[in-house]
Amino acid sequence: MEVTSSSNFAVGSTEELSLQLESLPEECLLSILSFLDVLGLCRMCQCSSRWNTLSCDDSIWIPICRERWADKQNKDLTSLRFEQLQNTLLGFKCWYRHEEIDAKRTEINMDDLVSNVWSFRFHYGGNYAQFPTFTSEYKLYMEGRSMRWRFTDDNKIQVEQYPPLSATRLSNWGWKLQNNFVNFTTQWKDRSEAPKPAKKEPAADRREAQMNFLVPLYNMIVMALGNQEGEDEDEDFVLPGLNDDSDDEEGDNNNNDNGGSDNDDDEKDTDSDDDEN
């Protein structure tokens, strides 16, 4: 009986905590969810209808998509692409899932050939490069010359009578077509190199940014749950480890006070010696 009652008590406490968490404002819950990774957000979607709605909110998935697609060829979230995706009926969580599934595809299709910007090089041609264009009419334009191309039975690309080109998926989600003599490689739309990944913030700056977020978040949670007393409303919440400077200042003040008292004693001793003389 004791084990049953203790287990029931534990379940009851969990349910009570869950109800208290459900009572928090939506902005606070979204801030908490923003700390989860993709797997954690997908798990939260299975908790309840409300958590499902919050976990699919675009305010959470837009930063995730922006970070994930930053170095993916022609998938980066530019202002133009952001508007295009935002105007669709799908949310950014659905677009994230769509792009992840498409990134695993290894067979090239018509849209990949037509929509991408390509560069052409001979294997022995040094830095010489051309920028051909594939069209949906099965034509390849390169330096004013038009050539026919087609899909082979084994999903290779053959241009005129030349050896077929094998398609390979790149780590940046681009494509590469090559045979023993030439290769075609997809480029960024502006034909520039891939953007360099952003430098990570130093640990101290990252910790300060986290503290700037966690302190007001803690105050919001306490006020929402009704556990904050009136006497503590005017006091600022300080997380452990952030008041080291104040402790140092108090130590310096104490040392100054002790030093001042020692000086007073020295002065009294000198006065007494003068009186004796």
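Being a predicted model, the structure only gives us computed values, none of them experimental. Any value given below was found using the heavy atoms of this structure, including those in side chains, with hydrogens, waters and symmetry copies removed.
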Any non-hydrogen side-chain atom of [X] less than 4.5 Å from a side-chain atom of [Y]?
X: Asp58; Y: Gln86; value: no
X: Phe134; Y: Asn116; value: no
X: Leu177; Y: Lys156; value: no
X: Phe151; Y: Ile157; value: yes
X: Leu85; Y: Leu77; value: yes
X: Phe82; Y: Gln84; value: no

| query | Is a side-chain donor or acceptor of Asn172 paired with a backbone partner of Gly174 at a separation under 3.5 angstrom? | reply | yes
| query | Is there a donor-acceptor contact under 3.5 Å from the side chain of Asn87 to the main chain of Glu83? | reply | yes
So if you build clusters from Ile, Leu, Val, Met, Phe, Trp, Tyr with side-chain heavy-atom gaps below 4.5 Å, do [X] and [Y] land together?
X: Leu170; Y: Trp188; value: no
X: Met44; Y: Val38; value: yes
X: Trp118; Y: Met110; value: yes

| field | salt bridge (charged side-chain N to carboxylate O under 4.0 Å, His left out) evaluation trace for Arg148 with Glu160 | value | CA-CA 5 Å; Arg148 300 285 299 178; Glu160 296 291 352; over 6 Å; no
| message | Evaluate Glu100 against Lys72 for salt bridge (charged side-chain N to carboxylate O under 4.0 Å, His left out), listing each step before the verdict. | response | CA-CA 11 Å; Glu100 289 296 321; Lys72 305 307 178 186; over 6 Å; no
Could you tell me which non-hydrogen atom of [X] sits nearest to which non-hydrogen atom of [Y], and how far apart they are?
X: Arg81; Y: Asp76; answer: CD-O, 3.7 Å
X: Phe181; Y: Pro163; answer: CE1-CG, 3.9 Å
X: Pro132; Y: Leu140; answer: CB-CD1, 3.6 Å
X: Leu24; Y: Arg50; answer: O-NH2, 3.4 Å

Working to the nearest 0.5 Å, report the span between [atom1] of [X] and [atom2] of [Y].
X: Phe184; Y: Leu113; atom1: CZ; atom2: CG; value: 10.0 Å
X: Ser115; Y: Asn74; atom1: OG; atom2: CG; value: 8.0 Å
X: Asn109; Y: Asn155; atom1: CG; atom2: CG; value: 8.5 Å
X: Phe120; Y: Glu143; atom1: CZ; atom2: CD; value: 9.0 Å
X: Asn179; Y: Leu165; atom1: CG; atom2: CG; value: 5.0 Å
X: Ser119; Y: Lys176; atom1: OG; atom2: NZ; value: 9.5 Å

| request: Check the pair Asn183 / His123 against side-chain contact (heavy atoms from CB on, under 4.5 Å), numbers first and verdict last. | output: CA-CA 7 Å; Asn183 69 75; His123 289 314; 3.5 Å; yes
Listed pairs under 3.5 Å, donor-acceptor, residues 90-97 side chains, sequence neighbours left out:
residue: Trp95; atom: NE1; partner: Thr88; partner atom: OG1; Å: 3.1

| query | Please walk me through it: do Tyr141 and Thr135 pass side-chain contact (heavy atoms from CB on, under 4.5 Å)? | reply | CA-CA 8 Å; Tyr141 292 96; Thr135 68; 3.7 Å; yes
| Taking it one step at a time, do Arg43 and Asp37 satisfy salt bridge (charged side-chain N to carboxylate O under 4.0 Å, His left out)? | CA-CA 10 Å; Arg43 288 175 176 173; Asp37 57 6; over 6 Å; no
| query | What pairs with Tyr138 under ring-ring contact (aromatic ring centres under 6.0 Å, His included), at least two apart in sequence or on another chain? | reply | Trp149
| message | I'd like to know if the side chain of Thr152 pairs up with that of Gln158 as donor and acceptor (distance under 3.5 Å, no hydrogens or angles considered). | response | no
| said: Just by distance, no angles: are the side chains of Thr186 and Gln73 close enough, under 3.5 Å, to form a donor-acceptor pair? | reply: yes
| Is the shortest side-chain N to carboxylate O distance from Glu67 to Lys75 below 4.0 Å? | no
| Lys/Arg-Asp/Glu bridge criterion (N-O < 4.0 Å) met for Asp102, Arg169 | yes
| remark: For Leu30, the side-chain contact (heavy atoms from CB on, under 4.5 Å) test, sequence neighbours excluded, returns Glu26, Leu54, Asp57, Ser59, Ile60
